[in-house]
Amino acid sequence: MLEIQRLRTDTEAVIKGLEGRHFANAREIVNQLLELDEKRRALLTEMEQNKHAMNQASKSIGALMKTGKREEAEAAKAESASLKALIKEQEQQVQDVETARFDLLVTLPNINHPSVPVGKSENDNATVSTNDIKVAFDFDALPHWELATKHNIISWELGVKLTGAGFPVYIGKGARLQRALITWFLNKAQEAGFEEVMPPLVVNEDSGFGTGQLPDKEGQMYHVTEDNIYLIPTAEVPITNLYRNVILKEEDLPIKHCGYTPCFRREAGSYGKDVKGLNRLHQFDKVEIVQISHPDKSYETLEVMINYVMGLLDELGLPYRQLLLCTGDTGFTSAKTYDMEVYSAAQGRWLEVSSVSNFETFQANRLKLRYRGEDNKTQVAHTLNGSALALPRIMAALLENNQQADGSIVIPEVLRPYTGFDKIG
RNA sequence: GGAGAGGUGGCAGAGUGGUCGAAUGCGGUGGUCUUGAAAACCAUUGACCUUCACGGGUCCGGGGGUUCGAAUCCCUCCCUCUCCGCCA
């Protein structure tokens, strides 16, 4: 959520930022918000003056009664009572305006950082860097969904039987590879200073609002209606919400956490290659890294985080490219996002395996996540997070890129201590 | 699922209708003392909104009500704890 303050003082920049995101009617909506804001403050001032008068009158009654000045007390009572009705009316007005302002304000996406390229869609994203790993086959390479079936390490049918499409069952070496990746990712994150957290996998509405999933993307989450809780779409939600309504000390920053969780996403998928095999699932595993940063440091931190993710991919030996998402492709809550994509030679396409974002104060405003600065004043912190990493597409790329002419799949060196085997098949 | 208790400032915990944003203790911060530390003592110490400022307003789990006036009374919702039941 953007600060209303920012709309007031930085109006043109906000409008420009929203337009860069192709947010419809940016100018009208911002103006509407400013009008509501002005109206709110005018009403508030007026109401508070009345409240002050009423409070004075009420306070005097007690004293007057004690000293036996009954008549004056009665007069004060009458004054207070007459103000009461007026105040009640004004309270309702303030409430209405506030609600309208809030409802409109939460529909605004974050404003992009100036370094984000202007663009419309994913075609306008900028490639920032790549590594020089190349994968080529001199035989007919199989896509991972065929490899998985061939080696009986993932069953799509059993997942359908148990639950439905998008819920695969990992079996034998498939399950162990999965577990190895999780452990390795967590160990690496810990080495990099991220403290591990094991949060609940379902969260309440407040948490969903805090990180920006609610009220907007309600349909993306599985909702347990009987208890009104939501299955988490990412560990970002519970981990970041640990700090909802928290005032940190400045010296506590940065806060660094990592966590492994399954992630649940309803997203009604499209058909074909995009969602085949592990490419898009309703349940998948992910290790997430989260930071709460001092505003002055958050962009520095973003670079450190994306570099950390690239280091993981280098160690796994996967070819990647680092993308800087353009204004049109950046997520609703983010000010700047890097995506990491891994090249899957057998599918001949890039697979997104990580997304690292700086939300600046967008989430922190909703979370009321602040720190106390030098002057002892509370200030809103910055939040960041990134996948490090999402498992399924890493799995897909490993299976596909590491397949050999004899049909076996070689496990990367770094994972072998965790898998206990060096190849599949 | 059944029965009961309770939700007050960073924490503990008073406060049952009027000067209570709230005693007291602990913790935090600053100071005195000390070579230093501890102890002791003194002072200070909530958040938010609004205002150029002075100031004003709101907040005792959330919402609503009674009253001139509510932390205090009533209604309602939420949450936590204890016991029983069930159970990895």
Side-chain angles (χ1 to χ4, degrees), chain A residues 1-9 33-106 198 200-210 214-215 223-230 238 241-253 255 262 361 364-381:
Chain A
M1 184 160 61
L2 297 174
E3 298 91 340
I4 191 73
Q5 174 79 9
R6 188 165 171 190
L7 305 212
R8 291 208 288 253
T9 58
L33 268 163
L34 289 176
E35 263 171 49
L36 284 167
D37 182 51
E38 231 166 274
K39 196 168 162 197
R40 169 180 172 271
R41 285 184 293 152
L43 283 167
L44 203 60
T45 307
E46 206 186 322
M47 178 187 77
E48 285 178 354
Q49 280 166 359
N50 287 328
K51 276 194 175 176
H52 181 55
M54 185 176 81
N55 286 342
Q56 296 297 353
S58 284
K59 259 182 202 167
S60 70
I61 291 169
L64 291 168
M65 285 300 224
K66 264 179 207 153
T67 52
K69 296 176 183 164
R70 292 204 61 101
E71 268 179 41
E72 283 178 54
E74 289 302 325
K77 266 195 195 186
E79 186 195 346
S80 174
S82 76
L83 277 169
K84 193 188 168 183
L86 177 61
I87 288 168
K88 192 166 179 182
E89 212 174 285
Q90 289 175 324
E91 258 174 354
Q92 188 58 49
Q93 287 171 9
V94 170
Q95 185 60 51
D96 289 348
V97 173
E98 231 160 53
T99 304
R101 190 187 69 160
F102 177 84
D103 288 349
L104 198 53
L105 196 58
V106 293
M198 231 188 230
L201 306 181
V202 288
V203 294
N204 59 27
E205 254 177 294
D206 285 348
S207 296
F209 175 78
L214 296 175
H223 187 190
V224 184
T225 51
E226 191 157 12
D227 296 298
N228 196 27
I229 50 183
Y230 297 84
N241 270 282
L242 293 173
Y243 295 90
R244 169 152 49 82
N245 276 322
V246 167
I247 301 176
L248 295 162
K249 295 195 196 109
E250 187 165 13
E251 59 262 34
D252 292 338
L253 300 174
I255 303 264
T361 58
N365 272 324
R366 294 171 159 233
L367 293 159
K368 295 193 170 43
L369 163 52
R370 292 154 291 170
Y371 67 95
R372 205 175 289 286
E374 287 168 39
D375 52 358
N376 232 18
K377 281 198 168 167
T378 58
Q379 297 192 51
V380 183

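Proteins come first, then strands; the chains are lettered A, B, ... in the order of their sequence lines, and each starts at number 1.
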Between A/M54 and A/T378, whichever has its closest RNA chain B nucleotide further toward 5' is A/T378
Heavy-atom nearest nucleotide on RNA chain B taken for A/E98 and for A/A57; more 5' hit belongs to A/E98
Sorted by chain and residue number, the salt bridge (charged side-chain N to carboxylate O under 4.0 Å, His left out) partners of A/R6 (sequence neighbours excluded) come out as none
From [atom1] of [X] over to [atom2] of [N], roughly how many Å is that when rounded to an integer?
X      : N     : atom1 : atom2 : value
A/N228 : B/C79 : CG    : C1'   : 14 Å
A/N365 : B/C48 : CG    : C1'   : 14 Å
A/K249 : B/G46 : NZ    : C1'   : 15 Å
A/K377 : B/C49 : NZ    : P     : 11 Å
A/I229 : B/C78 : CD1   : P     : 14 Å
A/N245 : B/G9  : CG    : P     : 13 Å

B/S/- along nucleotides 50-64 of chain B (protein heavy atoms under 4.0 Å) is SS----BSS------
Atom [atom1], compared across [N] and [M]: separation rounded to whole Å:
N     : M     : atom1 : value
B/U67 : B/G61 : P     : 23 Å
B/C78 : B/G30 : C1'   : 41 Å
B/C48 : B/C11 : P     : 16 Å
B/G4  : B/A88 : C1'   : 27 Å
B/C41 : B/C77 : C1'   : 49 Å
B/A38 : B/A14 : P     : 31 Å
B/U66 : B/G57 : C1'   : 23 Å
B/G64 : B/A70 : C1'   : 14 Å

Q. Do A/S58 and A/N55 pass the side-chain hydrogen bond (donor to acceptor under 3.5 Å, both in side chains) test, and can you show the C-alpha distance, the side-chain angles, and the key distance before you say yes or no?
A. CA-CA 5 Å; A/S58 284; A/N55 286 342; 5.7 Å; no
query = Backbone N or O of A/K249 within a donor-acceptor pair of the A/D252 side chain at under 3.5 Å?
reply = yes
So CG of A/L367 and CE of A/M1: to nearest 0.5 Å the spacing works out to 9.5 Å
Does A/E250, at its CD atom, have more than 12 non-hydrogen atoms belonging to other residues, nucleotides or ligands within less than 6.0 Å?
yes
For this session: Report yes if at least one side-chain N or O of A/K84 is closer than 4.0 Å to OP1 or OP2 of B/G69; otherwise report no.
Result: yes
Checklist entry - Quick one: is B/A47 close enough that its OP1 or OP2 comes under 4.0 Å of any side-chain N or O from A/R372? => result yes
Are A/D96 and A/Q92 linked by a side-chain donor-acceptor pair shorter than 3.5 Å? yes
Just to be sure I understand the rule, does A/K368 reach a base, reach only the sugar-phosphate, or reach nothing, if contact means heavy atoms closer than 4.0 Å? nothing
Is the shortest side-chain N to carboxylate O distance from A/R372 to A/E251 below 4.0 Å? no
Under the rule of Watson-Crick or G-U wobble with both distances under 3.5 Å, where | means paired to another strand and [ ] a crossing pair, RNA chain B maps to ((((((((.[[[..)..(.....]]]((((((.......))))))(((((....))))).[[[[[..)....]]]]])))))))....
